[in-house]
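Basis for what follows: all heavy atoms, side chains included, without hydrogens, waters or symmetry-related copies. In the text below, chain A, chain B and the rest are named by the order of the sequence lines, each starting its count at 1.
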Amino acid sequence: MQKRTYQTQESGLPHHMEMLHPVSRKNYGQWKYHERPRPGVLKHVAHGGDILYTVRAGTHRQVTIPIVRRLCKLADKYADGHLRWTVRNNVEFMTPNEANIAPLISELEALGHPVGGTGPSVSAIAHTQGWLHCDIPATDASGVAKSVMDALYDDFVKEEMPNRVRLATSCCEINCGGQADIAIVVQHTRPPRINHNILKDICEMPSTVARCPVAAIRPTTVNGKPSLMVVEEKCIYCGACFGACPAMEINHPEHSKFAVWVGGKNSNARSKPSNMRLVCHGLANNPPRWPEVTQVLKNILSAYKNGGKDWERLGEWIDRIGWKRFFEETGLPFDKYMIDNYRHARTSFNQSAHIRF
Amino acid sequence: MQKRTYQTQESGLPHHMEMLHPVSRKNYGQWKYHERPRPGVLKHVAHGGDILYTVRAGTHRQVTIPIVRRLCKLADKYADGHLRWTVRNNVEFMTPNEANIAPLISELEALGHPVGGTGPSVSAIAHTQGWLHCDIPATDASGVAKSVMDALYDDFVKEEMPNRVRLATSCCEINCGGQADIAIVVQHTRPPRINHNILKDICEMPSTVARCPVAAIRPTTVNGKPSLMVVEEKCIYCGACFGACPAMEINHPEHSKFAVWVGGKNSNARSKPSNMRLVCHGLANNPPRWPEVTQVLKNILSAYKNGGKDWERLGEWIDRIGWKRFFEETGLPFDKYMIDNYRHARTSFNQSAHIRF
Amino acid sequence: MPKQVDDADKKLNPTPLLDELEDGKWPSFISGYKEWIKQSGNTMTRGVLDQLQYSYETKMGYWKGGVVGVHGYGAGVISRYSMIPDKYPEAKEFHTMRVQPAPGLHYSTKKLNEILDVWEKYGSGLLSMHGQTGNLQLQGIDQDSVQECFDELNKLGWDLGGAGATVRTGASCVGPARCEMACYDSLNAHYQVLSYFTDLIHRPQLPYKAKFKFSGCPNDCSNSIQRADYAVIGTWKDDIQMDEAEVAAFIADKGVEYLVNNVITRCPTDAITLENGSIAIENSDCVRCMHCINVMPKALSPGKERGITLLVGGKGHLKVGNMLGSVMIPFLKMDGQEDIDNLIDIIDRMIDWWAEEALDHERIGECIERVGMVAFLEAAGIETTVDMIAHPRDNPYFKADHDHNPQIKSIA
Amino acid sequence: MPKQVDDADKKLNPTPLLDELEDGKWPSFISGYKEWIKQSGNTMTRGVLDQLQYSYETKMGYWKGGVVGVHGYGAGVISRYSMIPDKYPEAKEFHTMRVQPAPGLHYSTKKLNEILDVWEKYGSGLLSMHGQTGNLQLQGIDQDSVQECFDELNKLGWDLGGAGATVRTGASCVGPARCEMACYDSLNAHYQVLSYFTDLIHRPQLPYKAKFKFSGCPNDCSNSIQRADYAVIGTWKDDIQMDEAEVAAFIADKGVEYLVNNVITRCPTDAITLENGSIAIENSDCVRCMHCINVMPKALSPGKERGITLLVGGKGHLKVGNMLGSVMIPFLKMDGQEDIDNLIDIIDRMIDWWAEEALDHERIGECIERVGMVAFLEAAGIETTVDMIAHPRDNPYFKADHDHNPQIKSIA
Ligand code: SRM
Ligand code: SRM
Ligand code: SRM
Ligand code: SRM
Ligand code: SF4
Ligand code: SF4
Ligand code: SF4
Ligand code: SF4
Ligand code: SF4
Ligand code: SF4
Ligand code: SF4
Ligand code: SF4
């Protein structure tokens, strides 16, 4: 590397104003209402009368220079040189010009970008790094995401769900995908195996011990050297130690499985935000297409689509029909592992005579 | 005592059938609907057409032989020789004969028994033993109960509340009164003082140590003898140790105070049953009339009466208007002690943007 | 045997603070006590009143426990000795006998008067109708009279209730005796279950107390959910019975706005919708809360396929904070003796587990929370169902079998 | 600098399992990668694809971390070294640079193309738009190129984001740029708050990560409540604005039954009642949930007295189970610079407390739960209000001052 002469400008994040579409800038904070002319298209009307159309399309999230360049070209052609991404990795083009919509959609579709994800649709799945980049993954996130979205393509381009559906998938139990209406998360099913060969060289033992939520890791001696051991009865297979020390090998090609969680809700609409809950586990980690996982998602979504009332988010639908019918209607087996036994378990018991029969 | 010749019949509880009013026995399980002709009177109609009137009246609960004999006489005269008590210590007379109602009410009132407690009224307060009989009380329960009910007499004989109101009072933190829409419970405000003079003779030390929920009691030596000490920083003033060992003197004439709790609900109607919550504490234990406690109850009930909608129980009224307005409208000061810091504290945080302004 | 003083002047000592409790319209227990002392000259009661006056002055209690009982039983009498017998010798002893009443607290005056007769002979003349758990409490007897008093009561068909580490006296709502909501014969269940446990009521053999309450329907008029370790609550499985004509009459009388704002919006699961100006109930969404039935008792009633839900673990807040019972048996039909035997059998298994597993002074609810619901259910041989929880876990911290492989039914 | 191979045949090695991900209608990242490799001949990308194919075969990951960074910063680059470099030497290094985008993820094509130009020069050509936290992730660069690449980006006005024990890159919804629901200038707040913390983004000085997300209204389109330690959510204090004519138009269009079943019954606090065939909102019962406004966006809008609620402690489930943020500042107006400074000041105090108090790897939410909300608020100089809790405590286990003596206002 050459000698460095440049002095870093610790500039932080860029300002948004220069990035905004001109109509957006002009009507900043002056929007009055919106409509959805068709799936994937929004129409926002400003108090002053200006109209701004938005076309939303799915992407691969894990993109490349040519892909993004092509999107920029479309933005230059139809959206006055501006574009944005949504929090769910969809790309959005804005234009005041209604006539731009149809050709823009055609070009997006021709490039393989589905137009949709608005209103009561299944939007793009939030996903994570997986085998592609992370140091602790038990599966590949992008591959799962692609497989799932292939199966749900129609639900993205149509608006036929009771309310918007957010999906997420995560490649280890840590769950960088965050919570969602339906989340697919790796679930470990055994304690970490300790790789004593490497542990002694790479492990900051006290901080690894401290990382365990249930104090299952204890100092020990292996071949005369200080090392660590896991008390298997205590261990809850969380994998937190693996993040602290790569010798705590939690991942396993057969025993790291998938779990499915439902009913996470971040919005405050109607019900308070709620945590997602476990409804299926032990699903095979089955690359390259993960058909077991996809099947579960399809089951859940089809039951929700059939049974949900307008505006009911997935968790709210379950709140109305009850968990028993959720399991019946989705074909998923309820089992005893779904009954909480962790710190606040009591608060999940049915402390009432409210039962649906 | 003379030598005993009688052989105990371990008979258990008596059967109910012989105790029932004949019309009740005849229509057992055959009731169709009920009406409330006036406060304190119920009219139950059986599928077969039989009608059974009930007259309900308040009692002192802590009664005497002559009081109960008088009630029995009334039952003989107006209720075919049967009577019952409710779970709230009210007495009930049943009769198929509508003409009996008015004279029965007159006689009850003449004896000082208020007729009421039905429908959306404030029924009699559930109370406990207190200085009259218990070994661990910090106050007198019957005296508090009498003082409160004097103040709420009109609310008992009228049906002017949004829904039924259940009150309870308890003479130590243990709360034998159980939960209620409004509960008045002793609250200790300091750790127990240890009476080392008696401790050594009467204390089963290991079980006293085990009784403490926060492990604040430790073995120690006093004057060369094994004894106990309380780690004051840990102690949460619960008084559990006093039940195990009278040397752990938790009661104090000045520092054992009253707390008021609201929103306890056992019924499953509408909302799930809910725990009652602390809304006032540090109220003086002020015999013989406890005016501070009575004032708080009156404030709460008058706000609820004004603001509650039909069928809203006290806790449900608060669920609708929010705790902030509850404190405003009752004139009670909210303070930081009401924010939970015990085991499930997190579940009481406002984990949402739901706020009333 | 009660001691008496006959001289009218000496029957009562001054109790100025207590006398203030004679004001006001609510029945005054002080007036009642004074009337009785004046009438009977009972010295124990006078002493107790004097000590109570002293408590009001000093704001402290003066009773301590001890061990008083009847032959063969380990429970049922709460013994009280004055801590200041030198000051109030008449109040030296003041024990309470807990007597089990009939389910639903129904009495014939004949049976009740019989108790009073015995009590007049042996006791202070004070009684409490009833204690919070459900006992008829005969308050104030000396050790020497307890056995005789009990024997006489027992001859008349009465027996003692629980205290300490026993099964306690049960309680139940008025139930089918007078309530159209009752979904099972709660009085009979109460009678049978508590009869079965008579031995455990009389002899402390458990880690701690165990309470039973029986409510005919989810209105839970016996407060079972919070006040009982075992709450037996009536419910139904099929559809709410609807009398169309009475529904129409209700709406004609009250109007649609009343219907919307008091019935439809109050249903906890939005199971009721407004349809053609009337209500439609989606019974599969209904959680049997009772509300709509309570508001429209002529028009709506519980379904026909009835039974009970058993909730376990309700109790006061000692140690872990207030606990409400949790569903452990979602539904059990309750039509005949066989069903009651079945219920008893289930509860027996629960008690056995608890007796093995509990720490000292640990109620079953606390024990289940500590050990885990599934561990409890498996040990008691009860199938886990989703009705037992408000929702599945929201943390991934569990240990399934490595080879767990769920069988997903393909739908649609 | 990227290495390239020019021979068209050799540009791609066989990746049979990955190729199966080229089927289906959703955009295929594999097809994208292959297209790019074929076009650029980038060998790092080829190596990464080969290693990924191996992961698909063996069902294990093969990256390990290390320490790679830019001059003066302690964070912003996630370093990845292959664990099997002998097998896949081309994938030996594959570091990611996290670049902070503008609030709301808005771009001009000009600025975005500038990034791509630099990335084409130095990197693998792969990028992730965007990471879950909100970074533009430039994925795949070798250690030797990182500094130069960064310098060029930095010249163009871009800077790195957070990683490790730092303040992290923020995220926000589209906000006032295109949404009628926005109750404050969320993009400006995002910009200012994150700018203020630039130093803490670049240099790990905290117990653990700290994330910020900004949503214009309680719909929370940035998922702040669960995914951010500091969630800044727009809200309002006065009444919902109602356009009567539009309400009437809505009812005329949809009918009263729709209104009852989709608006009135869905209000979480029954703040909406049916009155004279239309809706009446009791604004003091309204919890600002947004539902009625969402259903009737032409007729209803948030009030005029606007500002934010700050919720603290949202995070994933590690250790204690999933946590949602809790209200710590119920309302702060957010009209000008002074208000933003005020917000920053408050957050600064919270971070200071946390930096002192937290255990290693303990997020602020966990720390508050462990230490107690009141202890936290007092240390941070924040007044405790009832808005911070769903309900007061339900256990009596607290220690008030002995001489606590509440002043009760006598009402009525
Ligand atoms: C008499 C009675 C109050 C009353 O006047 O009504 C009562 C009185 C006592 N209760 Fe109670 N409890 C009484 C009903 C209750 C209830 C309500 C109920 O049963 O429905 C509760 C709440 C529900 C529950 O069981 O949790 C109750 C919760 C307690 C507790 C706390 C238990 C807990 O786990 O939280 C204790 C403490 C203990 O057992 O160590 C207790 C302990 C006591 C003791 C035995 C105090 C002691 O340890 O010495 C009291 C004896 C007083 C006396 O001198 O007679 N009592 N106690 C009630 C029993 C009368 C009866 O048998 O009918
Ligand atoms: C007599 C009694 C049962 C007994 O075995 O003694 C009883 C009797 C009735 N109750 Fe109750 N309840 C009785 C204690 C209770 C209790 C427990 C308590 O008071 O400690 C509760 C639970 C309270 C709680 O949630 O903590 C109770 C919650 C209800 C409810 C549900 C109210 C609600 O909306 O939450 C109803 C339904 C209703 O009000 O229509 C109800 C309804 C009724 C009905 C209307 C049932 C019927 O159709 O006959 C009865 C006439 C009530 C009236 O007063 O108007 N009863 N009811 C009890 C009278 C107590 C008293 O003297 O005041
Ligand atoms: C890249 C990214 C996933 C993605 O592909 O989008 C990611 C990747 C990692 N996350 Fe994450 N997290 C990412 C967003 C999240 C989110 C979502 C969010 O920020 O909105 C969460 C949940 C919210 C939260 O913060 O709790 C999240 C919760 C975690 C956790 C668990 C934290 C906890 O307290 O529960 C860890 C574990 C840790 O920090 O030790 C973690 C750790 C990691 C590490 C650093 C794993 C490690 O310890 O080595 C991953 C590095 C992967 C890599 O190779 O780049 N990541 N992580 C996301 C960051 C991209 C970006 O900067 O834009
Ligand atoms: C573009 C975007 C914001 C952004 O900065 O990127 C956005 C935009 C809008 N959201 Fe959102 N939401 C966006 C992510 C979210 C998220 C977060 C997420 O998707 O991860 C949530 C929270 C989800 C949750 O609860 O976990 C979210 C919860 C809502 C809600 C509440 C829905 C509910 O009933 O619970 C509304 C209200 C509604 O649907 O009318 C809403 C409404 C809207 C409106 C209608 C607001 C408006 O008036 O313009 C916007 C058009 C939505 C549409 O798709 O029809 N938006 N919205 C995000 C698009 C994501 C995507 O590509 O699919
Ligand atoms: S979920 Fe786990 S494996 Fe996946 S990116 Fe996050 S930390 Fe890595
Ligand atoms: S997997 Fe989790 S519980 Fe098990 S030892 Fe590691 S940190 Fe502890
Ligand atoms: S509440 Fe306390 S003092 Fe009162 S009777 Fe119960 S145990 Fe005794
Ligand atoms: S009062 Fe409670 S916390 Fe304090 S020492 Fe006694 S048992 Fe422990
Ligand atoms: S619980 Fe039900 S059955 Fe029993 S009295 Fe109350 S309303 Fe009637
Ligand atoms: S009983 Fe309750 S849950 Fe069932 S329909 Fe009626 S109100 Fe709804
Ligand atoms: S959070 Fe509110 S302001 Fe932001 S985009 Fe969503 S609806 Fe609009
Ligand atoms: S915003 Fe929500 S809480 Fe407020 S009135 Fe509308 S629906 Fe009800």
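- Residue C/Trp26 comes nearest to B/Lys146 through the heavy atom pair O-NZ, 2.6 Å, listed as atom of the first residue, atom of the second, then distance.
- Between the B/Trp31 side chain and the C/Ala177 main chain, a donor and an acceptor come within less than 3.5 Å of each other.
- In this structure a side-chain-to-backbone donor-acceptor pair under 3.5 Å is present from B/Arg289 to C/Glu20.
- Between the side chains of B/Asn266 and C/Asp220, no donor N or O sits under 3.5 Å from an acceptor N or O.
- A donor-acceptor pair is defined here as one N or O able to donate and one able to accept, closer than 3.5 Å; such a pair exists between the side chain of C/Gln226 and the backbone of B/Gln179.
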_Let's go through C/Asp117 and B/Ile65 carefully: what are the C-alpha distance in whole Å and the side-chain angles of both, what is the deciding distance for side-chain contact (heavy atoms from CB on, under 4.5 Å) to 0.1 Å, and is it a yes or a no?_
CA-CA 9 Å; C/Asp117 294 341; B/Ile65 290 172; over 6 Å; no

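- For a residue to count as touching a neighbouring chain, one of its non-hydrogen atoms must lie under 4.5 Å from one of that chain's; by this rule C/Phe150 touches chain B with the side chain only.
- The backbone N or O of B/Asn268 lies less than 3.5 Å from no partner atom in the side chain of C/Asn219, so there is not a single donor-acceptor pair.
- In this structure, the side chain of C/Lys59 does not engage the main chain of B/Glu254 through any donor-acceptor pair within 3.5 Å.
- At a threshold of 4.0 Å, the pair C/Glu120-B/Arg69 counts as salt-bridged, since one of the basic side-chain nitrogens sits closer than that to a carboxylate oxygen.
- Annotation: B/His47, atom NE2; neighbour count of heavy atoms from other residues, nucleotides and ligands within 6.0 Å is above 12.
- Looking only at distances, no side-chain donor or acceptor of C/Gln132 sits under 3.5 Å from a matching main-chain atom of B/Thr128.
- Ion pairing between a basic and an acidic side chain is recognised when a charged N comes within 4.0 Å of a carboxylate O; C/Glu35 and B/Arg70 show such pairing.
- Residue C/Val174 touches chain B through both its backbone and its side chain, counting heavy-atom pairs closer than 4.5 Å.
- For B/Asn89, the parts sitting under 4.5 Å from any heavy atom of chain C are the backbone and the side chain alike.
- For B/Glu204, the CD atom is loosely surrounded, since the number of other residues' heavy atoms within 6.0 Å does not exceed 12.
- Residues C/Thr58 and B/Pro253 are not in side-chain contact: their nearest non-hydrogen atoms beyond the backbone lie 4.5 Å or more apart.
- Between the B/His44 side chain and the C/Arg178 main chain, a donor and an acceptor come within less than 3.5 Å of each other.
- With a 4.5 Å cut-off on side-chain heavy atoms, C/Ser128 and B/Val63 do not count as touching.
- Annotation: side chain of B/Pro114 is in contact with side chain of C/Pro27 (closest heavy-atom distance under 4.5 Å).
- Heavy atoms closer than 4.5 Å to chain C are found nowhere in B/Ser256, neither backbone nor side chain.
- The closest side-chain donor-acceptor pair between C/Thr109 and B/Asp76 falls under 3.5 angstrom.
- Under a 3.5 Å cut-off, the side chain of C/Asn322 and the backbone N or O of B/Asn275 do not form any donor-acceptor pair.
- For a residue to count as touching a neighbouring chain, one of its non-hydrogen atoms must lie under 4.5 Å from one of that chain's; by this rule B/Tyr342 touches chain C with the side chain only.
- With contacts defined as side-chain heavy-atom distances shorter than 4.5 Å, the pair B/Trp311/C/His291 qualifies.
- In this structure, the portion of C/Tyr258 lying under 4.5 Å from any heavy atom of chain B is its side chain and not its backbone.
- At a 4.5 Å heavy-atom cutoff, the contact between B/Ala126 and chain C is made by backbone and side-chain atoms alike.
- Here the side chains of C/Trp158 and B/Leu13 are not in contact, with every heavy-atom distance at 4.5 Å or above.
- If you measure heavy-atom distances from B/Lys272 to chain C, the contacts under 4.5 Å come from the side chain alone.
- For chain B, no part of C/Asp19 is nearby; none of its heavy atoms comes within less than 4.5 Å.
- Of the two parts of B/Arg211, the backbone and the side chain both hold a non-hydrogen atom closer than 4.5 Å to a non-hydrogen atom of chain C.
- In this structure, the portions of C/His130 lying under 4.5 Å from any heavy atom of chain B include both its backbone and its side chain.
- Heavy atoms of B/Leu111 lying under 4.5 Å from chain C are absent altogether.
- Residue C/His202 touches chain B through its side chain alone, counting heavy-atom pairs closer than 4.5 Å.
- Heavy atoms of B/Pro246 lying under 4.5 Å from chain C are absent altogether.
- Proximity to chain B is absent for every atom of C/Ser301, based on heavy atoms less than 4.5 angstrom apart.
- Cation-pi contact between C/Lys155 and B/Tyr6: present, with separation from the ring centre below 6.0 Å and deviation from the ring axis of at most 45°.
- Using a 4.5 Å cut-off between heavy atoms, C/Cys267 does not touch chain B at all.
- For C/Val99, no part lies under 4.5 angstrom from a heavy atom of chain B.
- In this structure a side-chain-to-backbone donor-acceptor pair under 3.5 Å is missing from B/His16 to C/His190.
- With a 4.5 Å cut-off on non-hydrogen atoms, C/Gln137 touches chain B through its side chain but not through its backbone.
- Within the 4.5 angstrom heavy-atom criterion, only side-chain atoms of B/Leu52, from C-beta onward, approach chain C.
- Only the side chain of C/Leu318 comes within less than 4.5 Å of a heavy atom in chain B; its backbone stays farther off.
- Between the B/Trp85 side chain and the C/His106 main chain, no donor and acceptor come within less than 3.5 Å of each other.
- Aromatic pair B/Trp131/C/Tyr62: ring centres not closer than 6.0 Å.
- For a residue to count as touching a neighbouring chain, one of its non-hydrogen atoms must lie under 4.5 Å from one of that chain's; by this rule B/Arg61 touches chain C with backbone and side chain alike.
- Heavy-atom distances place both the backbone and the side chain of C/Ile78 under 4.5 Å from chain B.
- More than 12 heavy atoms of other residues, nucleotides or ligands sit less than 6.0 Å from atom NZ of B/Lys309.
- The pair B/Glu316-C/Arg266 does not count as a salt bridge, with every side-chain nitrogen at least 4.0 angstrom from each carboxylate oxygen.
- Put simply, the side chain of C/Asn113 reaches to within 4.5 Å of the side chain of B/Cys72, judged on heavy atoms.
- No part of B/Trp261 comes within reach of chain C, as not one of its non-hydrogen atoms sits under 4.5 angstrom from that chain.
- Residue contact with chain B, scored on non-hydrogen atoms closer than 4.5 Å, involves the side chain of C/Gln39 exclusively.
- For the residue pair C/Asn262 / B/Asp310, no side-chain donor-acceptor distance below 3.5 Å is found, with atom types taken as modelled.
- Counting heavy atoms from C-beta outward, C/Trp36 and B/Pro66 have side chains that approach closer than 4.5 Å.
- Only the side chain of B/Met94 comes within contact range of chain C, judged by heavy atoms closer than 4.5 Å.
- Judged by distance alone, the side chains of B/Gln30 and C/Glu180 never bring a donor and an acceptor atom under 3.5 Å apart.
- Taking each heavy atom of B/Gly12 and C/Thr198 in turn, the nearest pair found is CA-OG1, 3.9 Å.
- Ion pairing between a basic and an acidic side chain is recognised when a charged N comes within 4.0 Å of a carboxylate O; C/Lys111 and B/Glu18 show no such pairing.
- Using a 4.5 Å cut-off between heavy atoms, B/Thr86 contacts chain C through its backbone alone, with no side-chain atom that close.
- If you measure heavy-atom distances from B/Cys171 to chain C, you find no contacts under 4.5 Å at all.
- For C/Cys221, the part sitting under 4.5 Å from any heavy atom of chain B is the backbone (N, CA, C, O) and nothing else.
- A salt bridge links C/Arg80 and B/Asp135; the closest N-O separation between the charged side-chain nitrogens and carboxylate oxygens is under 4.0 Å.
- Side-chain atoms of B/His133 and C/Thr96 include a donor-acceptor pair closer than 3.5 Å.
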